[in-house]
Amino acid sequence: MDYNFKEIEQRWQQYWRDNKVYSAKVDNSRPKYYVLDMFPYPSGAGLHVGHPLGYIASDIYARYKRQRGFNVLHPMGYDAYGLPAEQYAIQTGQHPEVTTKKNIARYREQLDKIGFCFDWDREVRTCDPEYYKWTQWAFLKMYGSYYNTAMDKACPIEELVAHFEKYGTTDCNAHTNSTDEFTADQWNAMTKVEKENTLMNYRIAYRGNTMVNWCPKLGTVLANDEVSEGVSLRGGYPVEQKLMSQWCLRVSAYAGRLLRGLETVDWTDSIKETQRNWIGYSEGAEMNFNIAGTDENILIFTTRADTIFGVTFMVLAPESIYVEKVVTDDQRAAVDAYLDEVKHKTERERLIEKKVSGVFSGSYAVNPVTGKEIPIYISDYVLAGYGTGAIMAVPAHDSRDYAFARHFDLPIIPLIEGADVSEESFDAKDGIMTNSSNDRLQLNGLQVKEAIARTKEYIAEAGIGRVKVNYRLRDAIFSRQRYWGEPFPIYYDEDNQPQPVSESELPLLLPEVDKFLPTETGEPPLGRAQNWVASNGRPLELCTMPGFAGSSAYYLRYMDPHNSEALVDKDVNAYWRQVDLYVGGTEHATGHLIYSRFWNKFLYDYGYVCEPEPYKKLVNQGMIQGRSNFVYRIKDTNKFVSYNLKKDYDTTPIHVDVNIVSNDALDIEKFKAWRPEFADAEFILENGKYICGWAIEKMSKSMFNVVNPDDIVDRYGADTLRLYEMFLGPVEASKPWDTNGIDGVNRFLKRLWGLFFDGDNLKLTDEKASAEALKSVHKLIKKVTADIEVFSYNTSVAAFMICINELSSMKCAAREVYDIIVRLLAPFAPFISEELWHVLGHEGTVCDAEWPVCNEEYLKESSVKYTVMIKGRPRFNIEVAAGTDAKEVERLALADPAAQKWLEGGTPKKVIVVPNKLVNIVI
RNA sequence: GCGCCUGUGGCGAAAUUGGUAGACGCGCUAGACUUAGGAUCUAGUAACGCAAGUUGUGUAGGUUCGAGUCCUAUCAGGCGCACCA
């Protein structure tokens with residue numbers, strides 16, 4: 001009986017499905033373990049061989065944990081809302097739901113073949129109303145909340161209203177982007193609309209006028225993490241800045257907690273660092289600069305308070321609210337011209353040009369420490385969105401201020417001893433202060449760090465500002481002018497004010513539309529829907545939510561996917577708690593992984609979930625690149641020359657489908673059939689073969705290097721695919737796919753099979769295993785157990801191969817040995833393990849087979865080999881009884897004739913004995 | 001510019017964390033078997049050298065009896081952030 005993987009895999013796949021082998025249930029008597037993969041967007045192209053890499057890695061871990069007695073939750077679902085299905089719908093008229101369903105079916109088929117232990121009863125789809133009901137529910141909760149900065153958590157907005165009614169904004173600890181202040185009387189005198197508008201400055205989900213990344217080609221706004229270098233990540237279309245009224249999430253209120261939370265999770269340093277960068281903590285001070293001749297102040301933020309004596313001018317962002325207050329009549333025309341110019345530049349142009357521009361406002365500000373008057377400029381090198389949108393410029397110690405000062409010929413005052421600012425600014429926070437003392441504040445002679453601290457103290461004492469922490473993280477823009485997304489549970493009342501749809505009306509279903517394009521009047525596609533009104537007849541919001549909405553809390557829904565009363569039941573959540581192991585790509589470092597943590601923390605604030613962080617450990621699988629093959633056509637002919645002969649000809653490399661190449665040798669017949677123009681191609685061969693060239697490139701259709709996992713499964717079986725993907729290298733590393741090496745692992749499985757069967761007969765016996773065989777297999781237990789814990793699967797697979805080779809050469813047929821091997825192999829190659837598990841006479845399924853324990857007794861050696869090093873090289877070996885002490889080993893080594901030959905009768909300078917390893921003799 | 005990561009055979013990669021560098025697999029070479037096949041098995045395979053030996057982990061130093069591993073500098077590649085005050 002040969003290893004018939006096709007038959008085995010089909011049979012067990014069916015069995016697992018029929019018997020719901022991988023279904024998980026809450027069981028308080030057993031410890032839980034939650035293994036999660038980032039769920040895929042079901043694209044039309046299907047899976048290629050790179051996609052399952054992470055799934056295989058997590059599947060191995062999930063199966064391993066189960067064998068170790070954990071109650072494992074390992075679900076899978078689909079991130080089903082997204083742009084590609086909608087773009088496809090626009091082109092073809094095909095409803096995105098139809099496309100999505102079709103793609104999901106295809107994904108499921110591909111995933112099933114690979115033998116994952118997903119609990120499919122828990123599948124979620126973000127576009128399913130039963131699912132997005134809870135996305136909408138969370139949005140309503142955020143709408144009904146504000147961020148209490150004293151308690152450092154979200155609280156009901158009603159509490160804020162009560163505070164306003166009693167005290168106005170006095171002692172109000174609420175996160176806001178508004179600087180407005182009002183008394184209780186003023187609040188109480190406000191109209192309903194005014195109150196609503198004011199509250200929008202506090203809600204966690206709010207409607208705000210913000211500068212957004214507008215992508216005209218896609219007809220929608222994009223989040224910061226969906227834009228890179230001025231173009232959209234999806235599609236690569238140009239993106240411009242535009243002031244728009246949009247739904248936003250007050251993610252910035254959580255910046256501090258998102259930052260601190262990173263210390264409590266087990267993620268790689270690089271991804272934590274990426275998040276830290278994105279959150280952008282900076283500690284500094286806010287200071288008020290009086291506008292000369294008025295009682296108005298300009299608030300600035302600086303991390304270099306110590307440089308206050310070197311401030312020679314101020315700069316406002318063009319969008320700054322202060323601009324209007326400082327423009328004088330004679331500068332009005334110049335300022336307007338500049339603002340106009342800036343507005344017409346896209347962010348991309350601004351970045352590319354990088355030339356100094358700006359305009360004088362006409363006004364002066366008073367330096368609060370020196371009392372000196374300094375000019376106020378307006379320039380786009382200051383960003384409205386960071387800090388206060390206004391800076392104090394210190395050209396001597398900031399390169400951007402320096403460039404500006406040079407351009408406008410403004411004074412440059414050095415403040416650090418020995419700093420040469422004739423050619424460039426001195427930006428380092430290092431040195432001794434100078435030129436920095438007056439009767440109010442003395443910094444001269446201090447180190448920069450001391451000066452910063454001293455200045456901060458002074459600012460507080462003198463009441464001209466305060467110590468302030470600033471974050472780069474901005475609020476998330478939550479509206480998309482698109483069809484294929486979650487509708488907002490929001491309608492607009494008679495005053496055109498947004499109002500929440502009642503929770504009892506959720507889910508608010510996505511309506512049908514005739515076309516998936518904006519309306520003639522430029523409204524989002526939902527504007528085409530008939531009867532798109534709330535139960536009270538008022539019009540509903542036309543935007544939909546962005547992609548990250550549905551993926552932010554999906555891991556919670558898996559815990560309790562069919563609950564119609566709650567996102568997740570409290571007791572159920574208290575059992576599964578959080579994801580213990582999360583596996584996915586690094587591309588979500590600043591998107592999904594931030595939003596999801598934010599969303600989780602918000603739910604945590606209300607006690608809906610019991611853990612402040614959603615993902616305890618994170619493993620980032622690497623990308624699998626493609627390995628392209630090339631043929632070389634001799635110019636102006638239809639003749640192709642083999643790789644190693646091409647240097648004699650003038651050739652053009654042409655991508656050739658990797659599926660008609662094997663070990664870099666071209667299948668000429670298939671090549672001729674591949675494309676009509678190659679039908680009568682001629683070849684110059686080497687050794688009777690046509691050898692192709694190769695290169696590592698991204699796996700993509702256009703490079704003809706896409707390898708489909710289905711093809712591999714058909715040819716070698718899922719177990720071989722799984723083992724090979726793991727054998728390629730560390731899970732975290734990016735590496736090229738090269739089908740060439742797959743024979744090696746396939747051979748391993750065949751050999752294993754061959755150890756069980758001799759023809760149709762079972763070869764195994766109940767004989768006692770030899771000490772040698774036991775040693776080999778217990779070494780394997782030790783190695784594989786240690787490797788799995790650190791995701792070093794490639795070395796595990798190697799260890800299996802070594803063990804099988806050893807058992808094979810010692811002709812071991814002892815059942816007890818193979819019983820252990822099957823248990824160990826089960827997470828890696830579940831199909832063949834399942835089959836062999838039953839061949840060994842076991843009942844049940846191998847995924848419940850107990851994980852074997854290494855018995856160190858078997859590994860003990862009676863004697864130990866020491867390598868003797870002389871002059872830094874291994875020279876000979878000695879063998880001594882196990883447990884011989886170091887002194888004795890040294891004596892034996894020196895007594896050896898070989899050592900004597902090197903020593904030539906002398907004595908060694910030094911002898912080092914490393915226990916059980918080596919003796920180093922220094923002469 | 002700031003921050004993080006990675007450099008080891010023809011290729012993918014190992015190295016018990018400071019102890020015989022290159023495990024394991026691919027490829028390659030030779031051989032065996034065979035109704036030539038993209039099957040199986042055996043042996044070899046870092047480089048130089050007939051050999052004893054010598055040299056080898058991007059480069060240059062350093063610490064150490066001993067460095068792929070630790071320290072300093074430097075080069076190359078990748079990733080993240082970026083007029084962030």
Side-chain angles (χ1 to χ4, degrees), chain A residues 228-229 268-282 284 300-305 307 315 317 350-351 353-354 356 379-383 385-394 397-401 403-404 427 470-474 586-587 589-590 627 662-665 667 694 696 715 723-724 727-730 732-748 750-751 754 782-783 786 792 794-802 805 865-869 871-875 877 908-923:
Chain A
S228 180
E229 295 182 358
T268 60
D269 288 338
S270 81
I271 206 137
K272 282 188 186 182
E273 198 56 32
T274 302
Q275 289 220 341
R276 284 193 197 104
N277 278 338
W278 190 259
I279 295 166
Y281 176 91
S282 81
I300 61 97
F301 174 76
T302 180
T303 54
R304 292 296 301 274
T307 59
V315 188
R350 251 164 87 158
L351 283 173
E353 277 186 21
K354 258 202 166 162
V356 179
S379 171
D380 65 0
Y381 85 86
V382 173
L383 305 176
Y386 185 78
T388 62
I391 62 155
M392 62 179 215
V394 186
H397 302 288
D398 182 287
S399 53
R400 296 151 300 174
D401 296 347
F404 194 85
D427 290 14
N470 231 317
Y471 295 98
R472 197 191 70 94
L473 185 70
R474 313 215 196 146
T586 46
E587 67 273 19
T590 54
R627 188 179 185 277
S662 180
N663 281 350
D664 290 334
D667 185 322
W694 60 274
I696 302 302
R715 217 160 117 193
L723 283 172
Y724 186 55
F727 187 63
L728 273 178
E732 301 90 338
S734 286
K735 58 237 159 202
W737 177 268
D738 182 359
T739 307
N740 289 338
I742 202 165
D743 289 324
V745 287
N746 189 240
R747 211 167 287 155
F748 155 70
K750 284 192 211 158
R751 282 177 148 205
K782 196 174 178 181
K783 177 79 177 146
S792 180
N794 54 336
T795 52
S796 290
V797 178
F800 276 112
M801 291 176 174
I802 294 169
N805 284 343
K865 256 190 198 154
Y866 278 85
T867 304
V868 181
M869 316 268 294
K871 286 174 87 175
R873 287 269 153 197
R875 301 298 171 180
N877 293 326
K909 254 190 215 152
K910 202 171 185 180
V911 179
I912 290 109
V913 178
V914 180
N916 301 323
K917 283 228 157 54
L918 55 83
V919 182
N920 193 358
I921 300 174
V922 186
I923 55 176

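In what follows, chains carry the letters A, B, and so on, assigned in the order in which the sequence lines appear, proteins first and then strands, with residues in each chain numbered from 1.
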Worksheet item: Side chains of D401(A) and Y381(A): donor-acceptor distance under 3.5 Å anywhere?
Response: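 The criterion, which ignores hydrogens and geometry beyond distance, is satisfied for Y381(A) and D401(A).
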Practice prompt. Of all the heavy-atom pairs spanning R304(A) and M392(A), show the shortest one and how long it is.
Written response: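 Heavy-atom minimum between the residues: O-CE, 3.6 Å.
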Scan [X] against the nucleic acid and name what it touches under 4.0 Å (heavy atoms): base, sugar-phosphate only, or nothing.
{"X": "R474(A)", "answer": "base"}
{"X": "L728(A)", "answer": "sugar-phosphate"}
{"X": "I802(A)", "answer": "sugar-phosphate"}
{"X": "V914(A)", "answer": "base"}
{"X": "T303(A)", "answer": "sugar-phosphate"}
{"X": "D664(A)", "answer": "nothing"}

Between [N] and [M], how many Å separate the two [atom1] atoms, rounded to a whole number?
{"N": "G38(B)", "M": "C26(B)", "atom1": "C1'", "result": "14 Å"}
{"N": "G22(B)", "M": "G68(B)", "atom1": "C1'", "result": "11 Å"}
{"N": "A76(B)", "M": "U16(B)", "atom1": "C1'", "result": "31 Å"}
{"N": "G31(B)", "M": "G18(B)", "atom1": "P", "result": "47 Å"}
{"N": "A46(B)", "M": "A23(B)", "atom1": "P", "result": "8 Å"}
{"N": "G61(B)", "M": "A67(B)", "atom1": "C1'", "result": "14 Å"}
{"N": "U63(B)", "M": "G3(B)", "atom1": "P", "result": "28 Å"}
{"N": "U69(B)", "M": "G19(B)", "atom1": "P", "result": "11 Å"}

Which of the following nucleotides, [options], is nearest to the side chain of [X]?
{"X": "F727(A)", "options": "G25(B), A85(B), C83(B)", "result": "G25(B)"}
{"X": "P736(A)", "options": "G12(B), C26(B), G80(B)", "result": "G12(B)"}
{"X": "D398(A)", "options": "A14(B), U40(B), A85(B)", "result": "A85(B)"}
{"X": "K735(A)", "options": "C81(B), G12(B), G80(B)", "result": "G12(B)"}
{"X": "T590(A)", "options": "C26(B), C81(B), A13(B)", "result": "C81(B)"}

Under 4.5 Å between any side-chain heavy atoms of [X] and [Y], yes or no?
{"X": "N920(A)", "Y": "V914(A)", "value": "no"}
{"X": "M801(A)", "Y": "V745(A)", "value": "yes"}
{"X": "R875(A)", "Y": "I921(A)", "value": "no"}

Worksheet item: Pick the nucleotide of RNA chain B nearest each of R400(A) and A799(A); which residue has the one closer to the 5' end?
Response: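 It is A799(A), whose closest nucleotide lies nearer the 5' terminus.
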Practice prompt. Return the 5'-most residue of the pair K910(A), D667(A) with respect to RNA chain B, ranking by each residue's nearest nucleotide.
Written response: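 Per heavy-atom nearest nucleotide, the more 5' residue is D667(A).
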Heteroatom pairs (N/O) under 3.5 angstrom, protein to nucleotides 66-68 of chain B:
none

I want to check one thing: is the phosphate of [N], taken as OP1 and OP2, less than 4.0 Å away from some side-chain N or O of [X]?
{"X": "N277(A)", "N": "A82(B)", "answer": "no"}
{"X": "Y386(A)", "N": "A85(B)", "answer": "yes"}
{"X": "R276(A)", "N": "G3(B)", "answer": "no"}
{"X": "R747(A)", "N": "C26(B)", "answer": "yes"}

Worksheet item: Does a sphere of radius 6.0 Å around NZ in K782(A) hold more than 12 heavy atoms from other residues, nucleotides or ligands, not counting ones at 6.0 Å or beyond?
Response: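 No - once you tally the heavy atoms of other residues, nucleotides and ligands closer than 6.0 Å, there are 12 at most.
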Worksheet item: Is there a donor-acceptor pair closer than 3.5 Å between any side-chain N or O of K783(A) and the backbone N or O of F800(A)?
Response: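 The answer is no, because no donor-acceptor pair under 3.5 Å joins these two groups.
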Discussion item. Donor-acceptor pair, distance only, cut-off 3.5 Å: does the side chain of Y866(A) make one with the backbone of N916(A)?
Written reply: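 Yes; at least one donor-acceptor contact below 3.5 Å.
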Worksheet entry | Secondary-structure stems, RNA chain B, at least 3 Watson-Crick or G-U base pairs under 3.5 Å |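 In RNA chain B, stems of three or more pairs: B:1-7 with B:75-81, B:10-12 with B:24-26, B:27-32 with B:40-45, B:46-48 with B:53-55, B:58-62 with B:70-74.
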